[in-house]
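Below: the structure, in structure tokens.
Quantities reported herein were computed from a predicted structural model and do not represent experimental measurements. Proteins come first, then strands; the chains are lettered A, B, ... in the order of their sequence lines, and each starts at number 1.
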There are 2 protein chains.
Amino acid sequence: MTVCGRNNKCRSGSSCIHGRMEKFMEPSILLFLWGQRSHGYELMEKLKTLGFEGSSADMATLYRTLRNLEEDGMVVSTWEEGSQGPPKRVYELTENGEALLHNWARAIQVQRARLDRFLALYEQRRQST
Amino acid sequence: MTVCGRNNKCRSGSSCIHGRMEKFMEPSILLFLWGQRSHGYELMEKLKTLGFEGSSADMATLYRTLRNLEEDGMVVSTWEEGSQGPPKRVYELTENGEALLHNWARAIQVQRARLDRFLALYEQRRQST
DNA sequence: TATTACTATATGCATAGCGCATATATACAC
DNA sequence: GTGTATATATGCGCTATGCATATAGTAATA
């Protein structure tokens with residue numbers, strides 16, 4: 001039996017624990033862009049506080065998600081050539097993007113309730129053993 | 001913008017909210033089989049209390065997950081031809097399956113913590129508006 | 001007896017999301 | 001000039017899963 005988190009090599013069978021929330025990076029990005037413009041690399045630092053690791057897989061998902069969000073009009077970007085480092089693509093939230101964030105928040109509350117229910121049943125059954 | 005739950009036709013773009021836990025049905029099955037043998041169709045009734053819908057998609061995932069779990073030695077099945085209805089394939093948890101459940105429970109606690117953190121940041125930022 | 005509905009298990013097809021590797025380029029320290 | 005941090009981006013391939021469909025036993029009911 002293999003227990004794995006993110007960024008692992010475990011690919012086979014059902015005895016591999018992933019347990020990640022699908023597309024969770026999208027609402028996380030929207031949250032950190034809410035009232036605070038930022039660029040990809042900087043966003044990853046903030047995303048680490050939500051359990052992301054900054055791995056190459058995470059970076060790939062990050063930049064892809066930002067592109068998709070812009071394609072859908074949820075964020076807009078502008079290139080900014082600062083004094084130091086390579087040029088940054090700075091994103092900010094649109095009105096639609098904020099609305100999407102609020103909808104995500106409701107969806108995440110629902111998901112948390114499911115996990116709560118699972119863990120409650122689990123603990124309940126564990127104590128009756 | 002499209003907000004969708006499970007079992008929707010939303011396939012494109014990032015403005016579609018899924019927000020589900022990957023492979024969540026696997027630990028759910030293990031939980032309900034813990035000390036209580038059961039078959040697929042009956043398990044689905046119990047899974048509904050964890051937010052599953054019993055849709056054709058859910059049924060497909062259910063039977064596939066059961067097969068995978070058996071292939072990995074996490075459950076064992078026996079055909080039982082009862083007095084009524086078609087024969088049922090009754091599953092029970094193995095020792096490895098129980099160990100897997102415990103590992104899943106820890107993983108789900110971690111995921112719940114991530115959702116908690118997201119929602120805390122979200123509420124915090126919402127109140128400062 | 002035909003029809004319908006419920007119980008029960010199973011599989012094929014298509015695709016979204018993502019892990020992993022890799023490419024590219026700037027700036028700065030040593 | 002070599003290494004490291006910053007910064008963005010994409011190709012490949014696989015897993016999980018949504019959706020549709022197949023199959024069949026039992027039972028009620030028209």
Side-chain angles (χ1 to χ4, degrees), chain A residues 2 4-29 38-45 52-72 77-91, chain B residues 2 4-27 29 38-45 52-71 77-91:
Chain A
T2 318
C4 25
R6 295 174 58 81
N7 309 313
N8 53 64
K9 304 254 178 197
C10 177
R11 287 276 185 204
S12 65
S14 58
S15 30
C16 171
I17 294 171
H18 285 279
R20 65 209 153 179
M21 184 70 58
E22 191 181 349
K23 292 190 74 180
F24 185 57
M25 198 183 282
E26 182 176 300
S28 304
I29 289 171
S38 185
H39 62 279
Y41 202 80
E42 189 181 57
L43 277 167
M44 182 49 76
E45 289 310 304
F52 295 97
E53 294 175 4
S55 63
S56 75
D58 278 347
M59 294 306 290
T61 300
L62 171 62
Y63 287 114
R64 269 189 294 229
T65 305
L66 284 169
R67 299 300 219 107
N68 291 337
L69 283 170
E70 181 155 37
E71 207 180 314
D72 291 353
S77 72
T78 48
W79 281 98
E80 289 188 10
E81 317 212 11
S83 52
Q84 71 233 36
K88 311 173 214 308
R89 192 166 193 163
V90 178
Y91 290 87
Chain B
T2 318
C4 24
R6 295 174 57 80
N7 309 312
N8 53 64
K9 304 255 180 196
C10 178
R11 287 274 186 205
S12 65
S14 58
S15 29
C16 171
I17 294 172
H18 285 279
R20 64 211 152 173
M21 181 74 56
E22 193 182 345
K23 292 191 75 181
F24 185 58
M25 197 183 281
E26 181 176 300
I29 289 170
S38 185
H39 62 278
Y41 201 80
E42 189 181 57
L43 276 167
M44 182 49 75
E45 289 310 306
F52 295 97
E53 294 176 3
S55 63
S56 76
D58 278 347
M59 295 306 290
T61 300
L62 171 61
Y63 287 113
R64 269 189 295 228
T65 304
L66 284 169
R67 297 301 218 107
N68 291 337
L69 283 170
E70 182 155 37
E71 206 178 318
S77 71
T78 47
W79 282 99
E80 290 188 9
E81 318 213 10
S83 51
Q84 71 233 37
K88 311 176 215 304
R89 191 166 193 163
V90 177
Y91 290 88

In whole Å, what is the span from the [atom1] atom of [X] to the [atom2] atom of [N]?
X     : N      : atom1 : atom2 : result
A/E53 : C/dG19 : CD    : C1'   : 11 Å
A/E70 : D/dT8  : CD    : P     : 12 Å
A/D72 : C/dA16 : CG    : P     : 13 Å
B/K23 : C/dC18 : NZ    : C1'   : 15 Å
A/D58 : C/dG19 : CG    : P     : 6 Å
A/M25 : C/dC18 : CE    : P     : 8 Å
A/E80 : D/dT6  : CD    : P     : 18 Å
B/E45 : C/dC6  : CD    : C1'   : 11 Å

### Task
Output yes when a side-chain donor or acceptor of B/D58 lies under 3.5 Å from a complementary backbone atom of B/F52, and no otherwise.
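Checking the backbone N and O of B/F52 against the side chain of B/D58, no donor-acceptor pair under 3.5 Å is found.
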### Query
Nearest 0.5 Å, what's the CD-NZ distance between B/E80 and B/K88?
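Interatomic distance, B/E80 CD to B/K88 NZ, rounded to 0.5 Å: 9.0 Å.
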#### Entry: Value rounded to 0.5 Å, distance of OG in B/S38 from CE in B/M44
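With rounding to 0.5 Å, OG (B/S38) is 11.0 Å from CE (B/M44).
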### Query
Do you know which two heavy atoms are closest between B/E70 and B/S77, and how far apart they sit?
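In terms of heavy atoms, the two residues are closest at OE2-N, 2.8 Å.
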### Message
Show the nearest heavy-atom pair for residues B/L62 and B/G40, with the distance to one decimal.
### Response
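Of all heavy-atom pairs spanning B/L62 and B/G40, the closest is CD2-O, 3.2 Å.
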### Query
With the sugar-phosphate defined as primed atoms, P, OP1 and OP2, and the base as all remaining atoms, what B/S/- string results for nucleotides 7-13 of chain C, 5' to 3', for protein heavy atoms under 4.0 Å?
BBBBBBB
